[in-house]
**Q** 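Sharing a structure, written as structure tokens. Questions coming.
Just so you know, residue 1 is the first one in the sequence shown, and it goes up from there. For clarity, every value in this text was computed on a predicted model and none was experimentally measured.
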Amino acid sequence: MKGYNKKYVLIDTTYVNSGGGKVLLDILVKTLWQSNVNIYYFFDSRNNIKTINNYIENYKIINPSETERKKSYKDIIGNIDSVLCFGNIPPPIQVDMKVSIYFHNDLLFNPLGLNLSIKEKVKLLIKKYYLLFNNNKNYNWICQTQNVANKLQQFFNISQEKIEIFPFYNLNQVAVMNKNSDTFIYPANFSKHKNHDRLCKAFIIASKKINRKIKLYLTLDSKLFNKSVYNQDNIPKNLEFINIGIVSHNKLIDYIGRSKFLIFPSLNESFGLPLIEAAINNCYIIASNKEYVMEVINPSIKFDPTSIDDISESIVNAYRNIGLSKPKILVENKIDTFVRYIKEYV
């Protein structure tokens, strides 16, 4: 660590290595680089830090385990005066300093109430109780929406005065002259709550009502895609499921920018970052009528994500330009406010 005579803010990003969490982490690191704050990072060994390597000086790469995490805290504790845990979980040891946890995993609130496998429920439940065990009444919590703040109070018994709301996102926009009018995109992994099974069935039904070509771009691991509901023999000839795989964020934004529609049937999200990115890039947004959506954007069309028929009807209406309107972003980008908050640690 450079500058041992200085005290650092430790930003612990263990367990953040992909998806929306990784996108937000990249934004935060690049913004903090210009803020003159003394930062020391813990990075998950699965995280590709090449995207932010030019913006960091002091850091340690650790394996994603509580044993390694605990050892790393003990090694650095004398050189830090505050902690920001960016991966949902409080410090693995009790520390007598200012601590904030940036929470962005809606699945941890009520695992038993989710439509997941028994194995997934048990895993999330263990994480939840480990989180609660390591919490301290003096710790502060940060989230992205009022919906998540309400759940922190309800399920974790966090007092309202200990919760801050700092949503942030990237304003990157790709320059696209002509969008592909027949193209939908759903940027999501293959977790059960992402609702792929219903979405696939809904597109098959919708394509039989549409005479022209219709495409759905997906961002799944290639092995999972090959074994998924999307890879079957009875797909109508005018329907094409195109898996672009797990791509860089810049490439994903390019695909979003070229698509006319973003469809988002997810049952649970803490934020739904692709909704905002699609709105910025002039996509029509066809989305679940869930609270997490309504707090972030006004979608072009909304549907019941538990109803295959309702999803299908929304696809057809979007394609036929029935009841279609431009989406509106409802949540403010507070990255500058969040950075000012972090500066208070120093």
**Q** Is there a donor-acceptor contact under 3.5 Å from the side chain of Tyr186 to the main chain of Lys194?
**A** yes
**Q** Ignoring hydrogens, what is the shortest heavy-atom contact between Leu116 and Lys121? Give both atom names and the distance.
**A** O-CE, 3.4 Å
**Q** Determine whether a donor-acceptor pair (N or O, by modelled atom type, separation under 3.5 Å) exists between the side chain of Asn135 and the backbone of Leu131.
**A** no
**Q** Apply salt bridge (charged side-chain N to carboxylate O under 4.0 Å, His left out) to residues Asp44 and Arg46 and explain how you reach the verdict.
**A** CA-CA 5 Å; Asp44 190 308; Arg46 298 166 296 178; 2.7 Å; yes
**Q** State whether Arg258 and Asp254 are salt-bridged, where the test is any N-O pair (Lys NZ or Arg NE/NH1/NH2 against Asp/Glu carboxylate O) under 4.0 Å.
**A** yes
**Q** When you measure from the side chain of Asn105 to the backbone N and O of Leu107, does any donor-acceptor pair fall under 3.5 Å?
**A** yes
**Q** Do His196 and Tyr230 make the cut of ring centroids closer than 6.0 angstrom?
**A** yes
**Q** Applying ring-ring contact (aromatic ring centres under 6.0 Å, His included) between Phe166 and each of Tyr102, Tyr341, Trp141, report the one that passes.
**A** Tyr341
**Q** Do Ser248 and Asn250 have side-chain atoms, one donor and one acceptor, less than 3.5 Å apart?
**A** no
**Q** Is there a path from Ile89 to Val148 through hydrophobic residues (I, L, V, M, F, W, Y) whose side chains come within less than 4.5 Å of each other?
**A** yes
**Q** With no hydrogens and no angle check, just 3.5 Å: does a side-chain donor-acceptor pair link Asn189 and Ser191?
**A** yes
**Q** Does a side-chain N-to-carboxylate-O contact under 4.0 Å join Asp197 and Lys201?
**A** yes
**Q** Do Glu66 and Arg69 sit within salt-bridge range, that is, some charged N less than 4.0 Å from a carboxylate O?
**A** yes
**Q** Between Tyr41 and Tyr59, is the ring centroid distance below 6.0 Å?
**A** no
**Q** Hey, is the main chain of Phe184 close enough, under 3.5 Å, to the side chain of Ser259 for a donor-acceptor pair?
**A** no
**Q** Is the centre of the Tyr15 ring less than 6.0 Å from the centre of the Phe86 ring?
**A** no
**Q** What closest approach, in Å, do Ser266 and Tyr292 show between heavy atoms, and which atom pair accounts for it?
**A** O-OH, 2.8 Å
**Q** Would you find a donor on one side and an acceptor on the other, under 3.5 Å apart, between the side chain of Asn243 and the backbone of Leu220?
**A** yes
**Q** Is the closest side-chain donor-acceptor distance between Glu277 and His249 under 3.5 Å?
**A** yes
**Q** Are Ile301 and Leu267 linked, directly or through intermediate hydrophobic residues, by side-chain heavy-atom contacts shorter than 4.5 Å (ILVMFWY only)?
**A** no
**Q** Has Asn195 got a side-chain atom pairing as donor or acceptor with Pro265's backbone, closer than 3.5 angstrom?
**A** yes
**Q** Could you state whether Ile322 and Phe261 fall into the same hydrophobic cluster, counting links through intermediate Ile, Leu, Val, Met, Phe, Trp or Tyr residues with side-chain heavy atoms under 4.5 angstrom apart?
**A** no
**Q** Could you check whether any side-chain N or O of Tyr255 sits under 3.5 Å from a backbone N or O of Ile244, counting only pairs where one atom can act as donor and the other as acceptor?
**A** no
**Q** Checking the side chain of Asn63 only, and the main-chain atoms of Ser65 only, is there a donor and an acceptor separated by less than 3.5 Å?
**A** no
**Q** Going by distance alone, is a donor N or O of one side chain under 3.5 Å from an acceptor N or O of the other, for Glu164 and Asn140?
**A** no
**Q** Looking at every non-hydrogen atom in both residues, tell me the closest pair between Thr145 and Ser270 and how far apart they are.
**A** OG1-O, 3.8 Å
**Q** So, for Val37 and Lys343, which heavy atoms are closest and what is the spacing to 0.1 Å?
**A** CG2-CG, 3.4 Å
**Q** Looking at Thr219 and Ala188, would you say the former's side chain and the latter's main chain have a donor-acceptor pair under 3.5 Å?
**A** yes
**Q** Using a 3.5 Å distance criterion without hydrogens, assess whether the side chain of Asp12 forms a donor-acceptor pair with backbone atoms of Gly87.
**A** no
**Q** Could you tell me whether the side chains of Ser307 and Asp309 share a donor-acceptor contact shorter than 3.5 Å?
**A** no
**Q** Under a single-linkage definition using a 4.5 Å side-chain heavy-atom cutoff for Ile, Leu, Val, Met, Phe, Trp and Tyr, are Tyr169 and Ile165 assigned to the same hydrophobic cluster?
**A** no
**Q** Of the non-hydrogen atoms in Tyr55 and Thr51, which two are nearest, and what is the gap between them?
**A** CE1-O, 4.2 Å
**Q** Can you hop from Ile158 to Phe155 via hydrophobic side chains spaced under 4.5 Å?
**A** yes
**Q** Of all heavy-atom pairs between Ser288 and Met294, which one has the smallest distance, and what is that distance?
**A** O-CE, 3.5 Å
**Q** Aromatic ring centroids of Phe42 and Tyr73 under 6.0 Å?
**A** yes
**Q** With a 4.0 Å cut-off on N to O distance, would you call Lys290 and Glu295 a salt bridge?
**A** no
